[in-house]
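The structure under discussion appears below in the form of structure tokens.
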Amino acid sequence: MRFTLRPRSGCLVLCLSVSLLTLLLQSLWVPPEMTREEPAGAGRSPEEQGHHGNSVRRLALRLEALSSQVQRLARERDAPQPAKEELTNLLQSLRQDQEGLVRSVERELQRMAQKLESLGHQPHTPRPQDDHRPQTGLREVCEVPKDPVYPHCAEKVEFLQARWDSDLCYAFYGVDGTTCSILTYLSEREDFCPPHPGRNHSAPPWHQQPRTHKEKAEVRTTLRPLYEVFGGIQGPARRFIRSRVERLSTCWIKAGHRIRENTTKTTSLQKRVLLYPGVLSGGAGQRFGAMVDQGGPLGELVQWADLSASLFILGHNLTFTTSQNHLHSVIGAAPGKGSCPIQMPLPFDLIYTDYHGLAHLQGAMGLAFQHYQCRFRILDSFGTEPAFNLGTYARSHGYNTLWGSWRLQPLQYMTMFPHTPDNSFLGFVSEEAMVEQEEREEEVEPGPYRKDNTAVVYGKQDYMWQGKERYLEVISQELETHGTVYQPPGHSAQLPSNIINHGLLTQDQFLQLLRRAKVFVGLGFPYEGPAPLEAIALGCVFLQPRFQPPRSSENSDFYKGKPTTRQVSSQHPYAEEFIGKPYVWTVDMTNTTDVQETVRAILRTEVKPFTPREFTSEGMLERVHAYITHQDFCSVSFPTWPPESALRIHLGPLGQSCVSVCRRASLVCEPALFHHLNNPAAFTRLGLSCSSMDQEVDNHLFPAYSPWGRRCGLQRERLLFSCAGSDPVHRRLCPCRAHRAGQVALCPDCL
């Protein structure tokens, strides 16, 4: 007769088995006779006592961790696919580690059996302390090998001999302070020492490739299962993310259908994806989440919501969590402080996180962090330039900040707007779907885009309004002006008397207000948020202040410490540079005449709702699909996407970055194409005669040409290829490319 166990039944059986094994070992480790008759440690040397105690502790730790993982999986009654895959990975990890566990159990059982036998044949009298009879059982003697293939072995052994008890994870992996256990750990878990004689050498368990995932990513036609994935988020942040996805669900599904029709030839494999916004984790996450209901920043949550919807519609397998404990569980982290590598191969093809989450991953994965960092994608609103990304270079050249120095490929950082071409532009979706929905619901209206002479001010907290009274007074003379400023219970916002304040509105109410307004008024802060694009998508004109001088890390507390040298010329540079008039007007906020004339010009202008394609749901799906299909940061070879055919080489003037050089030519800088310019032939192609070819100096401006002495410089560190950066003595060789209409991230031949 054969029985078939369901995943939940299998979990329960495994959990029960582990519990019984734990009880059995506990009963054998401390025999009743010894407890009653023999004083603790009698007849054993201190070394033997310590070895026995460490073995017991090690086995208990391993079984306890295993039991907790199995129990967690067993509690998931209707486990979705990600949890089933966790169980599969756990079982694979157990099979890989069972040999060591069985050896440990056998040694303990053999030692206990020998101890019981000796107790049964000897009278119950104390043994003299000088009775040094030969030790029985398995007592290995290990020497630290001297192998040039493993030059750091002795150093690592010495470190663990002194620090093995500083982190619980070492005992979990079998380290008990002896040289033999340390060598076993360093050969089988960290690969710093050669394998023991007689054992086959293989990569550490976390280093091995998991089973190949062959399932195709099929475009989905419903988002309902995604709401269950959001169960890993708590509080106001969860409400915001879920409500946004639900509000735009019809738009996402329609866009998915169009993407499926246009990408039939480039179907990709389904990816197992973990989304972990570290900013929402722990106490800091609770404080951030609480700000959602008080007018706090929502840009990050908008991106996480839209990224989740994009990946799900494209057919990928998602796990979403904001809990560090859950993060440790799903990646297979060992118990302790994170000094040791994870227990199994990373079960995710991609991990989307942020700077906070990156630190959490590093603190949980040990050596495995560096091995798997090519799979990370970092949501980074304001961008990370290459000069800040390489720690040694940043420290020696004055680019060191609290952020950066993670030594990732710069394109692994994903921005909210395409302001940093060294990074990948992820973006978000403007709520143009609401326009389509309301058009259907309000067909009786004489005009779907009828506007009142009203303005809505962009700023949900009253500190943003301070010092802007004269600017707002001029606008209020021409337009009825409304605010949506948060008012604490029992208090009123400190706003000018001519402002109609609605308090903090729900997103639906806010969009309804924008639908009727003629102008959306920027106050200079917040910088580069999603709201101006949503206002433009609903038919508003965005009026914003110009910054003179531009804001940067040198003169702005907000940008200070951020890993970028960008010069921000207005509150929303993307709106100013990529959209412009008649939808975006930029003024000197201190010049009341300029403000008044601009407002009157806007009133004479009629605009309809407008959304750049890259901020539509279809545009975002197209972009995310292209990234997942073509970006491969785990390969050691140079990238092949975008294709070399997209390259347009430009030689910049002195003092200009490649960002500026390409933009002046109505192109964009493409860092993935830099390697095609990093050779002497590229200088010859541009008609440059080099008296010397320098490749010995690290400089993020290379490849570049200095007319003084006709010196040419090549880049020797591929992580320093940088579109950003300039100086007065170098003309930069710039890899420019064209882009698809309304889709800056993709070249015409990129799909």
Side-chain angles (χ1 to χ4, degrees), residues 219-223 226-227 229-230 237 239-260 262-263 273 275 277 297-316 318 320 352 377 379 381 414-419 424-439 506-508 510-511 514-515 520 528-540 542 572 574-575 578-579 583 609-628 740-746:
V219 173
R220 295 187 174 103
T221 57
T222 178
L223 284 167
L226 177 59
Y227 307 145
V229 176
F230 289 150
R239 292 197 304 271
F240 180 90
I241 289 175
R242 175 165 177 164
S243 65
R244 179 175 174 86
V245 173
E246 287 181 333
R247 189 167 57 249
L248 295 176
S249 60
T250 301
C251 186
W252 283 116
I253 292 168
K254 287 183 176 180
H257 285 303
R258 292 191 290 270
I259 289 292
R260 181 166 55 186
N262 297 332
T263 59
V273 182
L275 296 102
L298 299 178
E300 290 91 344
L301 299 185
V302 166
Q303 270 201 301
W304 283 109
D306 294 354
L307 173 62
S308 303
S310 297
L311 292 167
F312 191 82
I313 285 290
L314 290 171
H316 300 292
L318 304 189
F320 198 124
Y352 288 85
R377 305 293 184 269
L379 271 65
S381 298
M414 312 195 84
T415 60
M416 183 169 285
F417 291 96
H419 46 56
S424 296
F425 162 49
L426 176 62
F428 60 94
V429 173
S430 293
E431 299 211 24
E432 79 283 1
M434 294 300 297
V435 176
E436 298 176 1
Q437 179 180 346
E438 290 176 355
E439 282 178 0
T506 67
Q507 185 71 359
D508 285 333
F510 180 64
L511 294 175
L514 287 179
R515 183 91 190 276
F520 191 50
E528 302 178 287
L533 267 72
E534 293 179 341
I536 294 169
L538 293 171
C540 292
F542 179 48
H572 208 293
Y574 174 86
F578 287 86
I579 300 178
Y583 305 99
F610 171 73
T611 303
R613 176 177 172 79
E614 54 202 358
F615 288 98
T616 66
S617 50
E618 185 175 354
M620 185 166 184
L621 287 176
E622 183 179 69
R623 190 165 58 251
V624 172
H625 175 72
Y627 289 155
I628 289 179
R740 298 170 71 89
Q743 186 72 286
V744 177
L746 302 177

Show, in sequence, the C-alpha distance, side-chain angles and deciding distance for His257 and Thr221, and conclude whether the side chain to side chain contact (heavy atoms under 4.5 Å, CB included) test is met.
CA-CA 8 Å; His257 285 303; Thr221 57; 3.5 Å; yes
Any donor-acceptor pair under 3.5 Å linking the side chain of [X] with the backbone of [Y]?
X	Y	result
Arg242	Leu226	no
Glu614	Met620	no
Arg623	Gln743	no
Tyr583	Leu533	no

Side chain to side chain contact (heavy atoms under 4.5 Å, CB included) evaluation trace for Phe425 with Tyr574
CA-CA 12 Å; Phe425 162 49; Tyr574 174 86; 5.8 Å; no
Between Phe542 and Phe520, what is the ring plane arrangement, given parallel below 30°, perpendicular above 60°, and tilted in between?
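Because their plane-to-plane angle lies in the 30° to 60° range, the rings of Phe542 and Phe520 count as tilted.
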Parallel, tilted or perpendicular: rings of Phe428 and Phe417 (30°, 60°)
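Correct class here is perpendicular.
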To the nearest 0.5 Å, what is the distance between [atom1] ([X]) and [atom2] ([Y])?
X	Y	atom1	atom2	answer
Phe312	Phe230	CZ	CZ	9.0 Å
Ile628	Ser310	CD1	OG	9.0 Å
Thr611	Leu538	OG1	CG	8.0 Å
Tyr627	Arg377	OH	CZ	11.0 Å
Ile253	Leu248	CD1	CG	11.0 Å
Thr506	Arg247	OG1	CZ	8.0 Å

Kindly give the heavy-atom pair with the smallest separation between [X] and [Y], and that separation in Å.
X	Y	result
Thr415	Ser381	CB-O, 4.0 Å
His572	Pro532	CD2-CG, 3.6 Å
Ala626	Leu746	CB-CD2, 3.8 Å
Ser617	Cys251	OG-SG, 3.0 Å
Val245	Trp252	O-CD1, 4.4 Å
Asp306	Val429	OD2-N, 2.8 Å

Decide yes or no for [X] and [Y]: does some side-chain heavy atom of the first lie under 4.5 Å from some side-chain heavy atom of the second?
X	Y	value
Pro612	Phe578	no
Glu431	Gln507	yes
Glu300	Leu379	no
Arg613	Arg740	no

All side-chain hydrogen bond (donor to acceptor under 3.5 Å, both in side chains) counterparts of Glu528, not counting sequence neighbours:
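For Glu528 the side-chain hydrogen bond (donor to acceptor under 3.5 Å, both in side chains) partners, ignoring immediate neighbours, are Tyr559, Arg566.
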Strictly below 4.0 Å, N to O, side chains only: are Arg244 and Glu534 in salt-bridge contact?
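Glu534 and Arg244: salt-bridged.
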Before accepting this row, confirm whether a basic side-chain N of the pair Lys254/Glu618 lies closer than 4.0 Å to the acidic partner's carboxylate O.
no
Please lay out, stage by stage, how Ser308 and Leu275 fare under the test side chain to side chain contact (heavy atoms under 4.5 Å, CB included).
CA-CA 8 Å; Ser308 303; Leu275 296 102; 3.8 Å; yes
Could you walk me through whether Glu246 and Tyr227 pass the side chain to side chain contact (heavy atoms under 4.5 Å, CB included) test, one step at a time?
CA-CA 9 Å; Glu246 287 181 333; Tyr227 307 145; 3.2 Å; yes
